[in-house]
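Contents: one structure, followed by commentary.
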Amino acid sequence: MNRFTSRLLTLIGLLTAEVVLGAVLFVAGFALFFYMSRVVFVNNSMALDDWAGGLMDELRYRFPGLTGPVRFVTFFAALPFLLPAGIVVPVLLHRAGHTREAWHLVLAMLGGIILNQLLKTYFNRPRPSNGLLETLGLSFPSGHAMLAVTFYGCLAWLLARHFGRPGWVVPLLLWVLLIGLTRVYLHAHYATDVLAGFAGGAAWLVACRLGIRLFWKEEKEVMGADTLSE
């Protein structure tokens, strides 16, 4: 059996309900990202951004005390928080015997950071000029949104799949949504930036998960073959 056939059979063996769902999520994420990029850079439309920004301005006008809590929430998807968390959580997972899951989180976060920066550089969209906090870098897609999906989405999957805590999935996803809203509220990003960040993060997380699963399965098969040959 040649290597191509072996890889094909391995891929077919991975076609579980989880993988099919992941494939649907990947396609949906990619499609949404592509659509947002067309809205912004092909159609040059600001309709969604103006509507969402105006809605947040109205909310801030009615409840001026929200700005402090919003700044607090948005911190939990900033690199000063995610970088230490991206080290501490994998270490804890490794000590608990979940080495593959620890590597999954590390690679997902590193890849997410690199991918986000590459996309920002490629699209080269300036941030809103009326931001309520000092922000650096480019705007599309939102790094907070993309990395929040990557980090908290990965945690949600781990808690549901390996720790028997599916009840954490919805709160963590709502937390990701809330973080995205804070970026629009603070005018750190346009709404289209945030939606593109969510979509890109979801697509990347699924691709990373599938890649690690395929690699781990092949590695186990190779180790098993080596053991039998001995």
Side-chain angles (χ1 to χ4, degrees), residues 18-19 21-37 39-40 48 52 70 73-87 89-90 93 101-120 122-123 125 135 137-162 165-186 188-213:
E18 178 189 348
V19 173
L21 179 61
V24 172
L25 182 60
F26 176 83
V27 171
F30 183 84
L32 178 58
F33 185 93
F34 179 76
Y35 177 72
M36 286 296 104
S37 66
V39 166
V40 175
L48 176 59
V70 165
V73 171
T74 206
F75 169 75
F76 289 94
L79 286 180
F81 171 78
L82 288 180
L83 286 178
I87 296 173
V89 175
L93 286 171
E101 287 70 31
W103 276 112
H104 182 190
L105 185 55
V106 169
L107 294 175
M109 289 303 297
L110 286 176
I113 292 170
I114 294 170
L115 179 60
N116 182 255
Q117 292 303 311
L118 290 175
L119 290 171
K120 282 178 181 288
Y122 176 78
F123 288 106
R125 188 188 197 186
T135 52
L138 298 166
S139 196
F140 186 97
S142 165
H144 273 66
M146 190 167 178
L147 295 180
V149 169
T150 303
F151 182 73
Y152 296 108
C154 196
L155 284 184
W157 175 80
L158 291 174
L159 287 169
R161 181 70 184 271
H162 295 282
R165 297 289 188 272
W168 279 95
V169 172
V170 172
L172 283 171
L173 295 182
L174 290 176
W175 178 247
V176 170
L177 177 62
L178 183 60
I179 288 172
L181 290 174
T182 67
R183 306 309 288 169
V184 182
Y185 180 98
L186 295 168
H189 284 287
Y190 299 104
T192 46
D193 300 333
V194 172
L195 289 174
F198 284 158
W204 163 246
L205 188 60
V206 171
C208 186
R209 162 65 183 158
L210 182 59
I212 289 177
R213 183 175 179 182

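Along the sequence shown, the residues carry numbers beginning at 1. Remember, it's a predicted structure, so these values are computed and weren't measured experimentally.
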Q) If only atom types and distance count, is the side chain of Lys120 paired as donor or acceptor with the main-chain N or O of Gly137 below 3.5 Å? A) no

Q: Quick one: pull up OG1 in Thr135 and CG in Leu186 and give me the separation to the nearest 0.5 Å.
A: 9.5 Å

Q | Validation row: Val169, Trp157 side chains within 4.5 angstrom (heavy atoms) | A | no

Q | Separation between CZ of Phe75 and CG of Leu82, rounded to the nearest 0.5 Å | A | 8.5 Å

Q: Measure from the side-chain N and O atoms of Trp204 to the backbone N and O of Ala108, and report whether any donor-acceptor pair falls under 3.5 Å.
A: yes

Q: Report yes if the side chains of Phe123 and Val40 come closer than 4.5 Å at any heavy-atom pair, otherwise no.
A: no

Q: Kindly check if the number of other-residue, nucleotide or ligand heavy atoms within 6.0 Å of CZ (Phe81) is above 12?
A: yes

Q: Starting from the C-alpha separation in whole Å, work towards a yes-or-no answer on side chain to side chain contact (heavy atoms under 4.5 Å, CB included) for Ile179 and Tyr152.
A: CA-CA 11 Å; Ile179 288 172; Tyr152 296 108; 3.9 Å; yes

**Q.** Check against side chain to side chain contact (heavy atoms under 4.5 Å, CB included), Met109 and Phe151
**A.** CA-CA 7 Å; Met109 289 303 297; Phe151 182 73; 3.6 Å; yes

Q) Hey, what do you get for CG (Leu205) to CG (Leu105), rounding to the nearest 0.5 Å? A) 9.5 Å

Q) So, for Ala188 and Ser139, which heavy atoms are closest and what is the spacing to 0.1 Å? A) O-OG, 4.4 Å

Q. Should Leu178 and Trp175 count as side-chain neighbours, where that means a heavy-atom distance under 4.5 Å?
A. yes

**Q.** Interatomic spacing from SG in Cys154 to CG in Leu172 - rounded to 0.5 Å
**A.** 11.0 Å

Q: Measure the spacing between OH of Tyr190 and CG of Leu195 and express it to the nearest 0.5 Å.
A: 15.0 Å

Q: State whether the side chain of Thr74 and the backbone N or O of Val70 hold a donor-acceptor pair below 3.5 Å, judged by distance alone.
A: no

Q) Distance-only, no hydrogens or angles: does the Asn116 side chain make a donor-acceptor pair with backbone N or O of Leu147 under 3.5 Å? A) no

Q) Would you say the ring centroid of Phe33 lies under 6.0 angstrom from that of Phe140? A) yes

Q) Any side-chain heavy-atom pair from Val194 and Val184 closer than 4.5 angstrom? A) yes

Q. What is the distance from atom CG of Leu110 to atom CG of Leu115, rounded to the nearest 0.5 Å?
A. 12.5 Å

(Q) Main chain of Arg183, side chain of His144: is a donor-acceptor contact present, judged purely on distance under 3.5 Å? (A) no

Q) Do the charged groups of Asp193 and Arg125 touch, with an N to O distance under 4.0 Å? A) yes

Q. Is the closest side-chain heavy-atom distance between Leu83 and Ile113 below 4.5 Å?
A. yes

